[in-house]
Enquirer: 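Take a look at the following structure, please.
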Amino acid sequence: MCYHASVAATLEQLSNHYQKPFLGEFPSFFSPTNLVGYHLSGFNFPLLPIISQEQPNAFSFANWGLIPSWIKFREEAESIRLNTLNAKIETLLEKPSFKQAVVSQRCLIPLTGFFEWKQINSKEKQPYFIHLQNSSIFSVAGISENWINPENQQMVRTFSIITTEANGLMSEIHNTKKQMPFILSNEAEQLWLNQTINATEILNEINLIEEEKMQAYKISKLISSKVSNVPQVLLPFIESQTKLF
DNA sequence: CCAGACGTTGTT
DNA sequence: GTCTGG
DNA sequence: CCAGACGTTGTT
DNA sequence: GTCTGG
């Protein structure tokens with residue numbers, strides 16, 4: 001799975017990396033020089049910059065936690081998005097919550113890394129930060145949906161991060177569920193947003209990023225604290241500090 | 001046929 | 001909206 | 001959609 | 001074989 005992400009880049013840096021502008025007004029709490037977030041928990045449904053098939057030449061903003069368009073009530077929306085932070089690629093085309101979105105609402109979610117916990121024993125977990133060697137910014141595959149809140153007629157754009165079977169590196173970071181986000185190479189980014197190829201073909205053609213391009217290192221338990229959205233959350237964990245006894 | 005689900009599995 | 005379990 | 005029913009009520 | 005309850 002992938003519930004904890006990092007977008008340690010400013011909107012300006014994202015714009016430069018993808019060579020795409022931010023159109024219109026930013027949400028009030030964003031400005032071009034704002035860094036998006038060091039640690040973003042999906043369970044807070046953060047508003048993040050994405051590139052959607054709907055509007056592939058610019059950035060738009062969407063909340064993590066997909067709400068299918070046919071959801072009727074706010075209560076339903078709030079309950080389903082807790083379970084649609086991720087969408088498994090294996091069943092993407094079949095699930096009622098995802099099948100519409102995968103046809104024409106595919107999207108890229110720019111990240112600089114993500115977090116996973118390795119189960120050390122029945123009690124202990126070691127958090128890791130996973131990122132790419134070369135490029136600090138990379139895309140994970142996603143799908144998005146537009147939902148109208150019936151209480152105020154406001155449109156809410158949401159997204160889900162697609163996951164796939166963990167590769168060797170990620171299986172080591174013992175994700176008990178052995179899933180990891182579907183990271184796209186630059187070529188795969190274009191394929192994922194391509195309007196003229198159908199979703200089934202894309203899923204057949206698209207390749208996982210090479211394992212060699214991924215790196216992981218241990219981080220401290222700061223990630224589990226309330227103030228985890230700080231630069232220090234990304235610092236490597238120094239073993240000796242806790243091995244004193 | 002229709003009611004009910006629709007999704008995934010984590011942190012403090 | 002569309003699928004599925006009963 | 002598919003498992004399970006599907007019928008009526010007596011004689012020794 | 002065909003209907004029906006779930």
Side-chain angles (χ1 to χ4, degrees), chain A residues 1-7 37-46 48 62-107 109 111 113-130 140-150 155-166 170-171 173-182 199-200 216 218-230 232-234 237 242:
Chain A
M1 59 278 179
C2 176
Y3 292 155
H4 298 269
S6 191
V7 188
Y38 296 101
H39 171 219
L40 300 154
S41 168
F43 294 98
N44 296 325
F45 316 106
L48 298 180
N63 287 100
W64 194 353
L66 185 131
I67 304 171
S69 57
W70 42 261
I71 290 286
K72 294 197 178 61
F73 307 106
R74 182 179 48 80
E75 292 79 5
E76 277 183 278
E78 285 177 358
S79 98
I80 201 162
R81 65 180 182 163
L82 276 163
N83 298 311
T84 54
L85 296 169
N86 292 163
K88 290 184 175 178
I89 201 161
E90 298 91 331
T91 51
L92 206 51
L93 297 169
E94 297 148 31
K95 298 289 180 182
S97 292
F98 302 139
K99 62 186 301 177
Q100 271 108 10
V102 77
V103 171
S104 59
Q105 302 260 69
R106 300 187 293 273
C107 67
I109 300 112
L111 299 184
F114 58 97
F115 305 90
E116 271 308 342
W117 281 258
K118 177 172 180 167
Q119 190 82 48
I120 304 297
N121 54 44
S122 59
K123 286 177 184 171
E124 265 186 296
K125 284 183 177 179
Q126 171 64 55
Y128 281 78
F129 181 67
I130 302 101
V140 298
I143 47 176
S144 80
E145 274 273 21
N146 297 323
W147 179 68
I148 309 287
N149 182 342
M155 194 199 76
V156 185
R157 180 171 289 163
T158 59
F159 71 88
S160 182
I161 288 181
I162 294 175
T163 65
T164 189
E165 203 182 330
M170 288 307 298
S171 307
I173 299 173
H174 206 175
N175 183 345
T176 42
K177 293 297 167 187
K178 305 240 167 132
Q179 292 271 309
M180 65 176 193
F182 200 107
T200 317
K218 296 177 185 177
I219 56 167
S220 77
K221 300 245 159 112
L222 180 60
I223 188 162
S224 307
S225 79
K226 277 196 169 175
V227 291
S228 62
N229 191 10
V230 292
Q232 293 76 21
V233 76
L234 300 175
F237 172 64
T242 56

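Order of the sequence lines fixes the chain letters, A, B, ..., with proteins taken first and strands second; residue numbering starts at 1 for each chain.
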Enquirer: Just the rounded figure in Å: distance from P of B/dG10 to NE2 of A/His39.
Expert: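 Between P of B/dG10 and NE2 of A/His39: 14 Å.
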Enquirer: Would a distance-only check, ignoring hydrogens and angles, find a side-chain to backbone donor-acceptor pair under 3.5 Å from A/Trp147 to A/Ile71?
Expert: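 Checked: pair present.
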Enquirer: Grab the CZ-P distance between A/Phe98 and C/dG1 for me, whole Å please.
Expert: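 Rounded to whole Å, this separation is 19 Å.
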Enquirer: Do A/Glu78 and A/Arg74 meet the salt-bridge criterion of a basic N to acidic O distance under 4.0 Å?
Expert: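 Yes, charged N to carboxylate O under 4.0 Å.
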Enquirer: A/Lys125 has a side chain; which of B/dG10, C/dG1, B/dT11 sits nearest to it?
Expert: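 The nucleotide sitting nearest to the side chain is B/dT11.
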Enquirer: Calculate the interatomic distance between A/Tyr128 atom OH and B/dG10 atom P; express it in whole Å.
Expert: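 My rounded result for the distance is 17 Å.
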Enquirer: Could you tell me how far apart A/Glu76 (CD) and B/dA5 (P) are, to the nearest whole angstrom?
Expert: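 In whole Å, B/dA5 P and A/Glu76 CD are 10 Å from each other.
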Enquirer: Provide the distance between the two C1' atoms, one in E/dT4 and one in C/dG5, to the nearest whole Å.
Expert: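 Nearest-Å result for E/dT4 against C/dG5 at atom C1': 16 Å.
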Enquirer: Check whether any side-chain N or O of A/Asn229 sits under 3.5 Å from a backbone N or O of A/Tyr38 as a donor-acceptor pair, and report yes or no.
Expert: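 Looks like yes, one N/O pair under 3.5 Å.
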Enquirer: Do A/Val156 and A/Asn146 have side chains that get closer than 4.5 Å, going by heavy atoms?
Expert: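 A side-chain contact is absent here, since even the closest heavy-atom pair is not under 4.5 Å.
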Enquirer: Looking at A/Lys178, A/Lys88, A/Glu90, A/Gln179, which one forms a side chain to side chain donor-acceptor pair (under 3.5 Å) with A/Thr163?
Expert: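 It is A/Gln179; the other options fail the test.
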Enquirer: Nearest whole angstrom, please: distance from the P of B/dG4 to the NZ of A/Lys95.
Expert: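 Distance check: A/Lys95 NZ to B/dG4 P gives 20 Å.
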Enquirer: Rounded to the nearest Å, what distance is computed from the CD atom of residue A/Gln119 to the C1' atom of nucleotide B/dG10?
Expert: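 In whole Å, B/dG10 C1' lies 11 Å from A/Gln119 CD.
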Enquirer: Taking the minimum atom-to-atom distance to the side chain of A/Phe43, which one of B/dT8, B/dT11, B/dG10 wins?
Expert: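 Nearest to the side chain of A/Phe43 among the choices is B/dG10.
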Enquirer: Give the ring-plane orientation class for A/Phe129 versus A/Phe115, where under 30° counts as parallel, over 60° as perpendicular and anything between as tilted.
Expert: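 Answer is tilted, since the angle falls between 30° and 60°.
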Enquirer: How long is the line joining CG of A/Leu66 and P of B/dC6, in whole Å?
Expert: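 Answer to the nearest Å: 15 Å.
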Enquirer: Give, ordered by number, those residues of residues 220-228 of chain A having at least one heavy-atom distance below 4.0 Å to an atom of DNA chain C; if nothing qualifies, reply none.
Expert: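 Close to the strand, none.
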Enquirer: Does A/Gln100, at its CD atom, have more than 12 non-hydrogen atoms belonging to other residues, nucleotides or ligands within less than 6.0 Å?
Expert: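 Above 12, so yes.
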Enquirer: What's the gap between D/dG4 and C/dT2 when it is taken at their P atoms, as a whole Å value?
Expert: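 Roughly 31 Å separates the two P atoms.
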Enquirer: Keeping the roles fixed (side chain from A/Asn63, backbone from A/Phe45), state whether a donor-acceptor pair exists under 3.5 Å.
Expert: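 Side chain of A/Asn63 to backbone of A/Phe45: a pair is present.
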Enquirer: Test A/Gln105 against A/Ile143 for side-chain contact (heavy atoms from CB on, under 4.5 Å), laying out the working first.
Expert: CA-CA 6 Å; A/Gln105 302 260 69; A/Ile143 47 176; 5.6 Å; no
Enquirer: Applying side-chain contact (heavy atoms from CB on, under 4.5 Å) to A/Val140 and A/Cys2, what does each step give before you reach the verdict?
Expert: CA-CA 10 Å; A/Val140 298; A/Cys2 176; over 6 Å; no
Enquirer: Can you tell me how far C1' of B/dT11 sits from CD of A/Gln126, to the nearest Å?
Expert: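 After rounding, the reported distance stands at 14 Å.
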Enquirer: What does the 5'-to-3' dot-bracket notation of DNA chain D look like when only Watson-Crick and G-U wobble pairs under 3.5 Å count, and pairs to other strands show as |?
Expert: ||||||......
Enquirer: Taking all non-hydrogen atoms of both residues, which atom of A/Leu66 and which atom of A/Thr158 are closest, and how far apart?
Expert: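 Distance-wise, the nearest heavy atoms are CA-OG1, 3.4 Å.
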Enquirer: Take A/Phe159 and A/Leu48, measure what side-chain contact (heavy atoms from CB on, under 4.5 Å) needs, and give me the verdict at the end.
Expert: CA-CA 9 Å; A/Phe159 71 88; A/Leu48 298 180; 3.8 Å; yes
Enquirer: Tabulate protein N/O versus nucleotide N/O from nucleotides 2-6 of chain C, keeping only pairs under 3.5 Å, one per line.
Expert:
residue, atom, partner, partner atom, Å
C/dC3, OP1, A/Lys99, NZ, 3.0

